[in-house]
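Report on one structure; see the data block that follows.
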There are 2 protein chains.
Amino acid sequence: MNRSESTSPFPGSGTPRRSDATRGAIVAAARERFATDGYERATIRAIARDANIDPSMVMRYYGNKEGLFAAAVAIDLRLPDMSGADRRQDAGRILVEHFLDMWENNEVLTALLRVGVTNQAGAERMQDILREQLLPVAQQVCPDPEQVPARAALMASQLLGLALTRYVLRIPPAMGLTRAQIVAWLAPTIQRYLTASNP
Amino acid sequence: MNRSESTSPFPGSGTPRRSDATRGAIVAAARERFATDGYERATIRAIARDANIDPSMVMRYYGNKEGLFAAAVAIDLRLPDMSGADRRQDAGRILVEHFLDMWENNEVLTALLRVGVTNQAGAERMQDILREQLLPVAQQVCPDPEQVPARAALMASQLLGLALTRYVLRIPPAMGLTRAQIVAWLAPTIQRYLTASNP
DNA sequence: AGGGCATGTCAACGATTGTTGGCAAACAGA
DNA sequence: TCTGTTTGCCAACAATCGTTGACATGCCCT
């Protein structure tokens, strides 16, 4: 069995390998290219050039381009726990602030959004993240379990819409909004989508 | 001067040409391909095959791929006039309903959103549309002219976010929402973004 | 010290892409 | 009817893509 065929990109999780530095450089370059260029225009050759290695190394370590994308875009939204009545009535503000922190410090989110729009596998990955990470949070806040998926979808539409206009399309007036303004405007929206009674 | 070098795709606007049928087939096929595949994966060869003509015809009539995209994606949101106090206090509902009609009957909008995310020219086109079509509507509804760009950006974030999750990413719970549900949830949001006093 | 495996480079492959120029046929105006 | 233009197809181009296999170098274990 060839130990090096594993695709785990990080040292510390599993047996450390001599090539971990190279693997790290590859996924780092891949993240950047996928974020700025999207899936199709982010070429393996350009990623390899950024990582200062040969393109064939990418193939050896990650199999193919899809494998590289899967390894480079591993997303954990680190959503805070929303149990407790005090947090529940502040859920809108907390979630909006958390999302802003995430998007401004994590280029992987931009990469996933860019790829998800033009790539089927990317779109499915986004669906997974919403189902496994966003939906549980909605479940903690929303009263009626049956309405949770719809409310989570509404929340996602507003939060992803903000990310789309501000970080991907880079629409000037959306970029001009201050953090405080965004929180002040969007927090009540999210709060209402999660907790308001059926309109 | 070669009359056929014009890129006007439709008969009726300008001198009719013998090749107008072909031109129409090309832009129709282009719209569909750009909508489903995005810019990079929509190949000129595939578009030409759909239109039952030779790829070189696309080049002759539209110069290059960018020219074809520009000719295929001409967007008029046909936003209703929002003057009048009665319409102004119903702006949220009217706009949400109008956007749903547009997105469900016009594949060009999906095409532009898909392309705008991965293509610089597409993103700039979206900015133009927002500035020239969405901003004036916000101006009719919003009291303070200085706040119009920010309010239009907020409205765009929610409306584009809905289109993103529902028509592009096709997230199941977002697709499961009925038209009535969407209007009921989003109309107050848009109304507030446009008319509420500074939060 | 030596055998085996991991790491890395190099060159090339087949496929596909946007794009171009030449040539045949159909049409339009005289 | 004749001439020039428009329409269309065909073949090919240069570039680039993801991907592969051969080969050299270095590290690790016994």
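Numbered from 1 within each chain, the chains take letters A, B, ... in sequence-line order.
Rounded to whole Å, the distance from CG on B/Asp54 to C1' on C/dA24 is 13 Å. The separation between A/Arg45 atom CZ and C/dC13 atom P is 13 Å, rounded to whole Å. When the C1' atom of C/dA28 is taken as reference, atom CZ of B/Arg18 falls 8 Å away, rounded to whole Å. Taking atom CZ of B/Phe69 as the reference point, atom C1' of C/dT19 lies 20 Å away to the nearest angstrom. Going from atom CD1 of B/Ile53 over to atom P of D/dG8 covers 8 Å, rounded to whole Å. Here the P atom of nucleotide C/dG18 and the OH atom of B/Tyr62 are 16 Å apart, to the nearest Å. Here C/dC27 presents its C1' atom at 15 Å from CG of B/Asp20, a figure rounded to the nearest Å. Rounded to an integer number of Å, the gap from CZ of A/Arg49 to P of D/dC17 is 8 Å.
Ring geometry for B/Phe69 against B/Phe34 counts as perpendicular: the plane angle is over 60°, on a 0 to 90° scale with 30° as the lower cut. The aromatic rings of B/Trp185 and A/Tyr193 stand perpendicular to each other, their planes meeting at an angle above 60°, with 30° marking the opposite boundary.
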**Report entry** Residue pair B/Tyr39, A/Glu40: steps toward the side-chain hydrogen bond (donor to acceptor under 3.5 Å, both in side chains) verdict
**Finding:** CA-CA 10 Å; B/Tyr39 188 80; A/Glu40 332 288 337; over 6 Å; no

Requested in this report: Could you walk me through whether B/Ser83 and B/Arg88 pass side-chain hydrogen bond (donor to acceptor under 3.5 Å, both in side chains), step by step?
Outcome: CA-CA 7 Å; B/Ser83 304; B/Arg88 217 171 301 160; 6.0 Å; no

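Not one side-chain nitrogen or oxygen of A/Ser19 sits closer than 4.0 Å to the OP1 or OP2 atom of C/dA6. Contact check, A/Thr22 against C/dT7: no side-chain N or O comes under 4.0 Å of OP1 or OP2.
The side chain of A/Arg23 sits closest to C/dT7 out of C/dT19, D/dG18, C/dT7. Out of C/dG8, D/dT20, D/dT7, the shortest distance to the side chain of B/Arg17 is found at D/dT7. Which of D/dG8, C/dG8, C/dA12 sits closest to the side chain of A/Tyr61 comes down to C/dG8. Picking from D/dG18, C/dG18, D/dT7 the nucleotide with the shortest atom distance to the side chain of A/Ile44 gives D/dG18. Comparing C/dA12, C/dT19, C/dT9 by their nearest atom to the side chain of A/Arg60 picks out C/dT9.
Taking only distance into account, the side chain of B/Ser56 meets the base of D/dC9 through a donor-acceptor pair shorter than 3.5 Å.
For the pair B/Arg23 and B/Tyr61, the distance from NZ or CZ to the six-membered ring centre is under 6.0 Å and the angle to the ring normal is within 45 degrees.
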